[in-house]
Peer 1: 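Here it is, the structure in full.
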Amino acid sequence: MAMGLPTIASKWSGLTEFISADYAIPINISEVEPAFPHEQEKLGAGRSIRTSHKWARVDKYAVRGAMRWVYNNQDAARALGAKAERYMHTHYTRDVIAEDMHKRLLQIYHMVFRTRDISESDDHDLL
């Protein structure tokens with residue numbers, strides 16, 4: 001997405017935080033399956049933290065359809081990629097992420113120490 005290419009991705013897990021049909025081609029998942037099924041068998045249920053990990057299983061026909069759409073609609077796909085690039089460079093820059101992290105750390109600080117609301121000018125003195 002950040003490179004301006006049309007992006008096809010599953011609507012699963014962390015990707016759902018930034019994949020949208022407005023600037024990507026999200027694919028529904030049909031089901032989830034254990035990420036490490038052989039390890040589950042080897043260690044037994046509940047003996048590995050990785051046993052709770054899941055992979056998304058996507059509909060291969062939906063993926064094929066999305067890829068065919070990109071091929072058949074190259075101008076629209078390029079426009080979608082360009083829109084995705086603008087979105088990523090607006091919402092996921094280092095400065096934007098740093099500001100989000102700063103705000104979240106301040107929220108945690110205030111929750112832990114139950115401090116009063118303070119002005120933004122005071123915020124920088126806390127961290």
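Just the heavy atoms: all of them, side chains too, but no hydrogens, waters or symmetry mates, feed the values below.
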Peer 1: Which heavy atom of A24 sits nearest to which heavy atom of M1, and what is that distance?
Peer 2: CB-SD, 4.5 Å

Peer 1: Looking at side-chain heavy atoms only, is the closest gap between V70 and M67 below 4.5 Å?
Peer 2: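 Counting from C-beta outward, V70 and M67 never come under 4.5 Å.
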
Peer 1: With rounding to the nearest 0.5 Å, note down the distance linking NE2 in H91 to CD1 in I97.
Peer 2: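 Nearest 0.5 Å value for the NE2-CD1 distance: 11.5 Å.
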
Peer 1: Looking at CE of M111 and CG of L106, how far apart are the two atoms once the value is rounded to the nearest 0.5 Å?
Peer 2: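 M111 CE to L106 CG: 12.0 Å, rounded to 0.5 Å.
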
Peer 1: Nearest 0.5 Å, what's the CD-OG1 distance between E85 and T7?
Peer 2: 10.5 Å

Peer 1: Can you find a heavy atom in the side chain of V58 that is under 4.5 Å from one in the side chain of W12?
Peer 2: no

Peer 1: Salt bridge check: are K103 and D100 linked by an N-O gap of less than 4.0 Å?
Peer 2: no

Peer 1: Which pairs pass side chain to side chain donor-acceptor pair (under 3.5 Å) with one or both residues in residues 57-73, sequence neighbours excluded?
Peer 2: E33-R57

Peer 1: Please determine whether residues I29 and I8 belong to a single hydrophobic cluster, defined as Ile, Leu, Val, Met, Phe, Trp and Tyr linked transitively by side-chain heavy-atom distances below 4.5 Å.
Peer 2: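 Yes, one cluster joins them.
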
Peer 1: According to side chain to side chain donor-acceptor pair (under 3.5 Å), who are the partners of R104, at least two apart in sequence or on a separate chain?
Peer 2: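 R104: side chain to side chain donor-acceptor pair (under 3.5 Å) contacts with Q107.
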
Peer 1: Nearest 0.5 Å, what's the NZ-CG distance between K11 and N28?
Peer 2: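 Going from NZ on K11 over to CG on N28, the span is 4.0 Å.
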
Peer 1: Please check if I27 and V32 belong to a single hydrophobic cluster, counting links between Ile, Leu, Val, Met, Phe, Trp and Tyr side chain heavy atoms closer than 4.5 Å.
Peer 2: yes

Peer 1: Going from CG on L80 to CG on L5, what distance comes out if it is rounded to the nearest 0.5 angstrom?
Peer 2: 11.0 Å

Peer 1: Following the transitive rule for hydrophobic clusters with a side-chain heavy-atom cut-off under 4.5 Å over Ile, Leu, Val, Met, Phe, Trp and Tyr, establish whether I19 and Y23 coincide in one cluster.
Peer 2: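 Cluster IDs for I19 and Y23 match.
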
Peer 1: Parallel, tilted or perpendicular: which describes the rings of Y92 and F18, with under 30° parallel and over 60° perpendicular?
Peer 2: perpendicular

Peer 1: When rounded to the nearest 0.5 angstrom, what distance separates NZ in K83 from OG in S20?
Peer 2: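 Separation between the atoms: 8.0 Å.
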
Peer 1: Is it true that a side-chain atom of T93 and a backbone atom of T90 form a donor plus acceptor pair closer than 3.5 Å?
Peer 2: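 No.
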
Peer 1: Verify the cluster assignment for Y109 and V112: are they in a single hydrophobic cluster under the rule of side-chain heavy atoms below 4.5 Å apart?
Peer 2: yes

Peer 1: If you take all heavy atoms of P6 and A77, which pair is closest and at what distance?
Peer 2: CB-O, 3.6 Å

